[in-house]
Amino acid sequence: MTPEFTARLAWRNIWRQKRRTLISAGAIAAALLLALVMRSMQEGSYAQNLDNATRFYSGYLQLQEPGFAENQSIDHLLPGNQTFYEKIKSIRGVTIAVPRLESFALGAAGIRSKGVMVMGVAPRAEDDYSGLAARVRKGRYFIDEDEKAVLVGGKLAEYFSLKVGDEFVLYGQGYHGTTAAGLYRVAGIIHFPNQQIDARIVYLPLKTAQALYQTGNQVSAWVLHGNAVKEIPKLETSAREQMGNNVNVRNWADISPELAQQIALDRASGIFMILVLYGVVGFGLFATIVMMTLERRREFAVMLATGMARKKLQVLVMLESLFLALTGVIMGLVLAFPILIWFYYHPIKITGDLAATFEEMGFEAILPFSLAPELFVGQMFIVLILLVLCSMYPLVRIYKLELAGALKGNL
Amino acid sequence: MKKSLILLFMGLLIMTHQAQAETANEIVVKADLKMRGESSYTEMTMQIVRPAWTRSMSMKAWSKEQNYSLVLVTAPAQDKGSSSLKRFKEMWNWVPNIERIIKIAPSMLGQSWMGSDFTNDDLINQSSIVVDYTHELIQEEVFDGTPCWVIESTPKPNAPVVWGKQVIWISKGEYNMRRVEYYDEFEDLINTMSTFDVKILGGRKIPARQEMQPADKPEQKTVLLLHKAQFDFDIPTDFFSQKNMRGLRI
């Protein structure tokens with residue numbers, strides 16, 4: 001019996017019970033379709049949200065002075081000049097680079113004071129990058145590159161009872177032990193959905209912050225952005241090569257571990273759901289294969305009795321299971337591909353309250369899809385594992401088949 | 001005459017007896033009083049030592065009882081005139097270049113004072129060791145050639161302090177704080193202060209050099225050098241006022 005013949009036989013065998021085969025394959029197809037749509041949507045929104053969420057704080061990557069990560073000290077700074085900027089822009093894959101000067105200070109207004117997070121940003125570049133101006137709820141965004149004005153978080157403004165135009169004092173430690181003290185006007189009140197940030201953040205124009213901390217033209221971080229989230233590892237490598245040992249390259253997951261954890265948790269819950277789904281489908285497949293084996297005990301016995309090798313028979317049954325699964329996978333892909341491709345180019349738009357929540361969090365109110373090949377490979381791999389597990393049963397059954405009894409029709 | 005001699009002798013006996021049985025609390029109170037007196041005035045230089053830079057600051061400090069203190073920075077020029085005022089549990093800073101008084105939130109007391117390794121609390125709230133802590137004599141040890149009592153101080157419940165525990169070396173006889181270890185609430189050592197160069201200043205034998213060393217940064221420290229001291233003089237309470245901290249031009 002040639003392999004080709006075995007294959008043809010197996011293919012015919014599964015269609016002896018057309019309806020059953022279709023139902024089993026259909027179950028696999030449906031599971032695959034659901035899993036693909038769900039995972040594609042998940043990965044798509046991670047990529048999309050990461051691209052948005054990292055803009056506010058971490059960037060894809062940040063360049064920092066090596067000592068900065070340890071204690072965020074204002075003494076560990078990088079140059080903020082044009083030469084350094086040119087050097088950064090020459091890193092392969094960098095599309096945007098914005099400077100920031102981040103530190104802590106005591107904020108004070110009236111008789112109240114509180115520790116605040118101070119963020120010096122280049123007004124125009126920062127707005128182009130993170131859309132900061134759009135977060136202003138009252139008042140206005142920065143106008144000049146060096147105006148003595150601050151934008152404060154909504155909750156922080158509440159704490160100090162600040163209104164637009166009020167005085168706000170920042171007081172803390174400057175560069176190399178100097179005293180940082182400055183008196184500013186509240187230009188605007190900004191809003192962040194993250195309450196912790198909203199209750200602590202104070203924005204200053206970069207030049208004003210540099211004057212406050214007496215740092216000269218230095219920054220605590222250069223925030224880098226690239227073309228796509230999936231290119232971050234490559235970007236990281238070329239940034240390291242380009243910048244050398246005196247610059248610490250940190251990726252978003254290192255800077256915002258909570259965001260990385262959130263994604264990992266969401267991804268894990270999605271994968272868990274899919275595994276449950278496949279578990280159910282797996283039992284369905286198993287039932288079909290068990291039936292395909294049991295109802296043909298006599299047939300198998302006859303084939304063995306007339307001289308077919310047990311191994312050949314096992315191969316035949318394996319092929320039958322494989323064809324069944326493949327039929328399901330192909331059906332699933334044929335259904336899933338057009339849907340995924342459609343949604344990849346026409347992401348689902350969210351409307352109503354949910355859309356408002358999305359926009360509030362700084363995300364576009366769409367559910368984008370991903371067409372990453374890993375997704376498809378992963379799903380097919382799961383189906384393959386299911387198949388191997390399910391076909392253990394007939395293989396063992398055939399191996400142990402007792403000819404005389406089976407021929408007589410004993411179970 | 002004889003009677004009075006006997007009385008004196010008995011008195012001395014009682015006193016020495018008391019000295020032997022001195023409690024940890026009494027030792028700490030004496031040491032605290034020795035360093036500050038009922039009132040005190042000191043002139044000092046603070047050197048902040050960092051791996052990449054050092055900075056020196058001169059200042060004058062006044063204190064009265066346990067509740068009032070005022071520190072005025074006299075150099076360098078850019079910080080000249082800055083002052084810190086403490087009245088009871090509250091603290092304010094005067095920042096001359098923006099002409100504003102800033103109230104230091106209680107949550108900021110653990111933060112660095114003027115970029116040094118001293119916290120706001122260390123500098124301005126020293127007397128809290130007497131008020132807010134309970135003390136226990138744990139052993140005796142020689143520090144810098146001087147026999148010392150070693151006292152463990154734990155904060156009283158609800159005391160507004162930044163440390164979880166302090167271990168203090170106080171020299172016998174001189175009642176000088178020679179070494180203080182500051183622990184956080186997890187019993188991890190955060191800072192160690194050591195004092196050296198015991199000499200007569202303002203009529204008292206006190207250490208003229210204090211060094212504050214953070215436990216996790218061996219390459220940095222802050223040194224406080226005392227140049228001049230004066231104790232137990234009359235100073236009105238309203239010297240320690242917001243108005244005065246603004247106006248000090250000494």
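Order of the sequence lines fixes the chain letters, A, B, ..., with proteins taken first and strands second; residue numbering starts at 1 for each chain. Note that the structure is predicted; figures quoted are calculated from it, not measured.
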Inset, instruction - List the steps, then state whether side-chain contact (heavy atoms from CB on, under 4.5 Å) holds for B:E99 with A:L183. - result: CA-CA 9 Å; B:E99 303 194 326; A:L183 179 66; over 6 Å; no

I'd like to know whether [atom1] of [X] has more than 12 heavy-atom contacts from other residues, nucleotides or ligands below 6.0 angstrom.
{"X": "A:K207", "atom1": "NZ", "result": "no"}
{"X": "A:K163", "atom1": "NZ", "result": "no"}
{"X": "B:K156", "atom1": "NZ", "result": "yes"}
{"X": "A:Q196", "atom1": "CD", "result": "no"}
{"X": "A:R140", "atom1": "CZ", "result": "yes"}
{"X": "A:K89", "atom1": "NZ", "result": "yes"}
{"X": "A:E70", "atom1": "CD", "result": "no"}

Inset, instruction - Look at B:N97, B:D79, B:T54, B:I48 and state which one has the largest set of heavy-atom pairs under 4.5 Å with chain A. - result: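 Answer, by heavy-atom pair count under 4.5 Å with chain A: B:D79.
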
Legend entry - Structural part of A:I111 lying under 4.5 Å from a heavy atom of chain B: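 The backbone, not the side chain.
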
Legend entry - N/O donor-acceptor pair under 3.5 Å between A:S113 side chain and B:K103 backbone: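 It does hold such a pair.
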
Legend entry - Contacting region of B:R50 [heavy-atom separation from chain A under 4.5 Å]: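 Contact with chain A involves no heavy atom of B:R50 at all.
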
Inset, instruction - Using non-hydrogen atoms and a 4.5 Å limit, figure out which bit of B:S112 sits close to chain A: side chain, backbone, both or neither. - result: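 Looking at B:S112, just its side chain touches chain A.
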
Legend entry - B:I98 and A:Y171: CA distance, side-chain angles, deciding distance, side-chain contact (heavy atoms from CB on, under 4.5 Å) verdict: CA-CA 10 Å; B:I98 56 169; A:Y171 178 62; 5.9 Å; no

Inset, instruction - Could you check which of A:G182, A:A108, A:G177 has the highest count of heavy-atom pairs closer than 4.5 Å to chain B? - result: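 Going by pairs under 4.5 Å, I would pick A:G177.
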
Inset, instruction - Calculate, to the nearest 0.5 Å, the distance between atoms CD and OG1 belonging to B:Q78 and A:T178 respectively. - result: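 So the gap between those two atoms works out to 6.0 Å.
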
